[in-house]
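Below: the structure, in structure tokens.
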Amino acid sequence: MPFSIAKPMSFKSWLLVAALAAACAGCSPREVPYGDDVTAWRASKDQFMRESPESPVLPAARASFPALSYFPVASDYRVPAALTVAPSDTTLAIPTSNGQPRVHRRVGSLQFTVKGQPLTLTAFVEVGQPDMRRLFVPFGDLSNGTETYPGGRYLELDRTATGIYDLDFNRAFHPFCYYNPEYDCPYPPRENRLAIPLRAGEKMGPAGHK
């Protein structure tokens, strides 16, 4: 997990467990409208923050922790991205919130277009991480510091065999150190700081994260 020294269960893993628990034997799968799917994903994130023992929220504050704040769901912030694979030995020491850089390997560059503007983000895996099936995409944009956490936000992507990824900024999230300074969070490197505002995904509430 890229955002904590303690390596807790990720929200994505929590979501999978919750989905399996909610599934019923013999139920037929049904198509869920995209907006409803994102809304359910966000509700599960709120549940994770309040109930999971791996939540970054201090235990005494979990029961009263408010729902997270988000920009409205916008389908034009969900775009396909093509991964150009980097040489396997390309690494970068990424600065973190505790001042101790952590070495990540560049998996490749994701090329995509948002609202007619071509953009690129580098996808990473942390060196020494046992599970290499998930790509870590930390990014900054011009909403940081005013509408979103100054230290940037994250996306996590499951690897694909095709090299084409579903890049959904409606699912962008703040690192755990936003809720608890005891966590160690990588900051987006310079190459992943975009010169546009991305008003999608998680944002700061009226009083920080509360």
Side-chain angles (χ1 to χ4, degrees), residues 1-4 8 10-12 14-15 34-35 37-50 55-58 61 65-79 81 92 94-99 102 104 110 112-124 134-157 165-210:
M1 187 67 178
F3 41 74
S4 169
S10 70
F11 167 63
K12 201 161 190 175
W14 161 274
L15 192 62
Y34 172 66
D37 184 49
V38 174
T39 298
W41 182 87
R42 292 175 175 181
S44 293
K45 180 69 176 285
D46 287 337
Q47 183 182 9
F48 170 84
M49 299 297 277
R50 294 181 185 129
S55 170
V57 180
L58 294 175
F65 191 77
L68 299 175
S69 296
Y70 293 94
F71 293 100
V73 178
S75 60
D76 52 355
Y77 282 108
R78 182 191 186 191
V79 296
L92 178 67
I94 297 180
T96 69
S97 54
N98 73 359
R102 287 158 64 182
H104 287 69
L110 292 160
F112 57 99
T113 300
V114 171
K115 297 189 173 183
Q117 184 162 350
L119 300 167
T120 300
L121 287 172
T122 302
F124 298 91
R134 186 168 297 157
L135 304 183
F136 173 47
V137 186
F139 71 94
D141 67 273
L142 295 186
S143 74
N144 298 159
T146 54
E147 298 170 287
T148 61
Y149 176 53
R153 291 178 291 167
Y154 296 163
L155 288 171
E156 286 187 333
L157 305 174
Y165 288 82
D166 180 10
L167 205 60
D168 190 353
F169 289 99
N170 293 291
R171 300 175 192 265
F173 58 94
H174 286 146
F176 278 7
C177 58
Y178 177 56
Y179 314 104
N180 186 336
E182 295 299 316
Y183 282 80
D184 174 33
C185 305
Y187 290 138
R190 182 175 299 179
E191 65 202 69
N192 274 15
R193 294 193 174 273
L194 305 175
I196 63 168
L198 284 173
R199 295 188 173 94
E202 190 177 347
K203 65 178 182 177
M204 294 188 293
H209 62 268
K210 296 183 178 181

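Owing to the predicted nature of the structure, the values given are computational and were not obtained by experimental measurement. Hydrogens, waters and symmetry mates play no part in the numbers below; they use all other heavy atoms, side chains included. Residue numbers start at 1 and run along the sequence shown.
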When you check the gap from the basic side-chain N to the acidic O, do R199 and E147 get nearer than 4.0 Å?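 Judged by the 4.0 Å cut-off on N to carboxylate O distance, R199 and E147 do form a salt bridge.
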Over all atoms of both residues, closest heavy-atom pair of Y77 and P197: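 Smallest interatomic distance, heavy atoms only, reads OH-O, 4.1 Å.
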Grab the two heavy atoms, one from P175 and one from C185, that are nearest each other, plus how far apart they are.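 Taking P175 first and C185 second, the nearest heavy atoms are CB-SG, 3.7 Å.
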Determine yes or no for a side-chain-to-main-chain donor-acceptor pair under 3.5 angstrom, with [X] supplying the side chain and [Y] the backbone.
X    : Y    : result
R50  : F65  : yes
N98  : D184 : no
N192 : P189 : no
T148 : K203 : no

Within a strict 4.5 Å, meaning less than it, do heavy atoms of the [X] and [Y] side chains meet?
X    : Y    : answer
S97  : Y187 : yes
L92  : H104 : no
F71  : E202 : no
L194 : V114 : no
S55  : F176 : no
R153 : L198 : yes
Y178 : M204 : yes
Y179 : L68  : yes

Run the salt bridge (charged side-chain N to carboxylate O under 4.0 Å, His left out) check on D166 and R171 step by step: do they pass? CA-CA 11 Å; D166 180 10; R171 300 175 192 265; over 6 Å; no
Check: F124 ring centroid to F136 ring centroid under 6.0 Å: no
Does the ring center of F169 lie less than 6.0 Å from the ring center of F139? yes
Can L58 and N180 be said to form a side chain to side chain contact (heavy atoms under 4.5 Å, CB included), step by step? CA-CA 8 Å; L58 294 175; N180 186 336; 3.8 Å; yes
V137 vs T122, side chain to side chain contact (heavy atoms under 4.5 Å, CB included): CA-CA, chis, key distance, verdict: CA-CA 7 Å; V137 186; T122 302; over 6 Å; no
With a distance cut-off below 6.0 Å to the six-membered ring centre and an angular limit of 45° from the axis, does R42 pair with Y70 as a cation-pi contact?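 The answer is yes; both the distance and angle limits are met.
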Examine the side chains of Y34 and D168 and answer whether a donor and an acceptor come within less than 3.5 Å of each other.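 A pair is found: one side chain offers a donor N or O, the other an acceptor, under 3.5 Å apart.
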